[in-house]
Amino acid sequence: MVSGEEREGGRAAARTGAGTGARRASRPRGRPRSFDRATALEKALMAFWERGYEATSVSDLTGVMEIGAPSLYAAFGDKRSLFEEAVRVYGERYGAFGERALAEEPTARAAVERTLREAAAEYTAPGRPHGCMVIHAAANCSTPEVEESLRRRRNANIAAFERRIRADVDAGLLPPDTDAAALARHTGAMIQGMSQQARDGATREELQTLAEIAMAVWPRS
């Protein structure tokens with residue numbers, strides 16, 4: 001026969017087992033709760049910025065993002081899609097100073113001067129890779145679609161400066177014989193050169209000096 005104490009112990013064990021099963025059944029599955037898409041994207045952005053597109057492998061990305069390859073593909077698609085999103089975020093968060101200068105300054109000259117001055121600061125800012133991601137990520141790139149996408153972005157920036165310069169020529173703020181295309185390309189060359197020099201160790205002060213020299217070639221009205 002089974003004593004009352006044994007029957008009560010069996011009931012308690014059954015209750016304990018049922019509770020354990022319920023907890024086990026309710027345990028969350030899938031991507032870990034610690035996954036934060038925005039944080040992972042920022043880490044990928046920094047990796048691409050530091051190493052360039054071609055030199056950054058999927059293994060490098062999963063390492064810095066602290067996720068597995070399946071989670072990377074599920075959240076971002078392939079490496080190229082992740083890079084394109086990283087470039088977009090870079091443009092919004094770190095690379096928009098030229099666009100703001102063109103929108104806010106009263107003249108093309110003031111906009112370019114501000115752009116170069118802020119490039120000196122942005123390209124040497126502590127705590128992140130130096131230089132411009134859109135410029136550096138194209139280095140040694142053997143993926144035509146990525147190379148072309150970055151080239152379009154750089155040329156679009158030059159075209160924006162050219163439009164603003166032409167507008168100032170039309171408004172009489174610059175001499176009528178000003179070569180707007182050449183002046184805009186000179187600005188682009190300065191920005192790209194400052195980016196590389198920042199990666200080579202040039203300081204903010206050194207780049208600001210270059211910016212001042214660059215502005216000396218601008219025509220006066």
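Note that the structure is predicted; figures quoted are calculated from it, not measured.
Between Ile135 and Gln196, every side-chain heavy-atom pair lies at or beyond the 4.5 Å cut-off. At a threshold of 4.5 Å between non-hydrogen side-chain atoms, the residues Gln197 and Met194 do not count as touching. Counting heavy atoms from C-beta on, the side chains of Asp168 and Ile165 never come closer than 4.5 Å. Two residues are said to be in side-chain contact when any heavy atoms from C-beta on lie closer than 4.5 Å; Met215 and Leu116 meet this criterion. Proximity of Ile67 to Lys43: side-chain heavy atoms (C-beta onward) are nowhere separated by under 4.5 Å.
By the criterion of side-chain heavy atoms lying less than 4.5 angstrom apart, applied directly or through intervening Ile, Leu, Val, Met, Phe, Trp or Tyr residues, Ile158 is not grouped with Val217; the two fall into different hydrophobic clusters. When the side chains of ILVMFWY residues are joined at heavy-atom separations under 4.5 Å, either directly or via intervening members, Ile191 and Trp218 end up in a single hydrophobic cluster. Cluster annotation: Val169 is not connected to Leu173 through the hydrophobic network of ILVMFWY side chains, with a link wherever side-chain heavy atoms come within less than 4.5 Å. Placement of Ile213 and Phe161 in two distinct hydrophobic clusters is found when ILVMFWY residues are connected by side-chain heavy-atom separations under 4.5 Å, directly or transitively.
To the nearest 0.5 Å, atom CZ of residue Arg199 and atom NE2 of residue His136 are 3.5 Å apart. Once rounded to the nearest 0.5 Å, the distance linking CZ of Arg37 with OG1 of Thr39 reads 11.5 Å. Between the CD atom in Glu113 and the OG1 atom in Thr187 there is a gap of 11.5 Å [rounded to 0.5 Å]. Note: Leu174 CG to Arg164 CZ = 10.0 Å, rounded to the nearest 0.5 Å. Here CG of Asp200 is found 11.5 Å from NE2 of His130. Values are rounded to the nearest 0.5 Å. Annotation: the span from Glu118 atom CD to Arg204 atom CZ amounts to 9.5 Å, rounded to 0.5 Å.
The shortest heavy-atom contact between Arg166 and Ala180 is CG-CB, 3.4 Å. For the residue pair Gly98 and Thr115, the shortest heavy atom distance occurs at CA-OG1, 3.6 Å. Scanning all heavy atoms of the two residues, the minimum distance from Leu210 to Met190 falls at O-CE, 3.9 Å. What you find for Ala198 and Leu207 is that their closest heavy atoms are CB-CD1, 3.9 Å.
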side-chain contact (heavy atoms from CB on, under 4.5 Å) for Glu122 and Arg128? Distances and angles first, verdict last.
CA-CA 10 Å; Glu122 292 292 334; Arg128 64 187 194 223; 2.4 Å; yes
Working for side-chain contact (heavy atoms from CB on, under 4.5 Å), residues Met65 and Leu72:
CA-CA 9 Å; Met65 298 166 77; Leu72 185 153; 3.9 Å; yes
List the steps, then state whether side-chain contact (heavy atoms from CB on, under 4.5 Å) holds for Met133 with Met46.
CA-CA 9 Å; Met133 176 185 176; Met46 291 295 166; over 6 Å; no
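Between the side chain of Ser195 and the backbone N or O of Cys132, at least one donor-acceptor pair lies under 3.5 Å. For Ser149 (side chain) and Glu145 (main-chain N/O), no donor-acceptor pair under 3.5 Å exists by modelled atom type. For the pair Asp60 (side chain) and Ser57 (backbone), a donor-acceptor distance under 3.5 Å is present. In this structure a side-chain-to-backbone donor-acceptor pair under 3.5 Å is missing from Gln208 to Ala120. Judged by distance alone, the side chain of Glu206 and the main-chain N or O of Thr203 form a donor-acceptor pair under 3.5 Å.
Residue pairs that meet the ring-ring contact (aromatic ring centres under 6.0 Å, His included) test with at least one member in residues 60-83, sequence neighbours left out, are Phe48-Phe83, Tyr53-Phe83.
A salt bridge links Glu84 with Arg80; the closest basic N to acidic carboxylate O contact falls under 4.0 Å.
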Without placing hydrogens or testing angles, list every side-chain donor-acceptor pair under 3.5 Å for residues 101-112, not counting sequence neighbours.
unit_1: Glu104; atom_1: OE1; unit_2: Arg114; atom_2: NH1; d: 3.0
unit_1: Glu104; atom_1: OE1; unit_2: Arg114; atom_2: NH2; d: 2.9
unit_1: Glu105; atom_1: OE2; unit_2: Arg114; atom_2: NH1; d: 2.9
unit_1: Thr107; atom_1: OG1; unit_2: Ala110; atom_2: N; d: 3.0

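In this structure, Glu99 places its CD atom where only 12 or fewer heavy-atom neighbours from other residues, nucleotides or ligands lie under 6.0 Å away.
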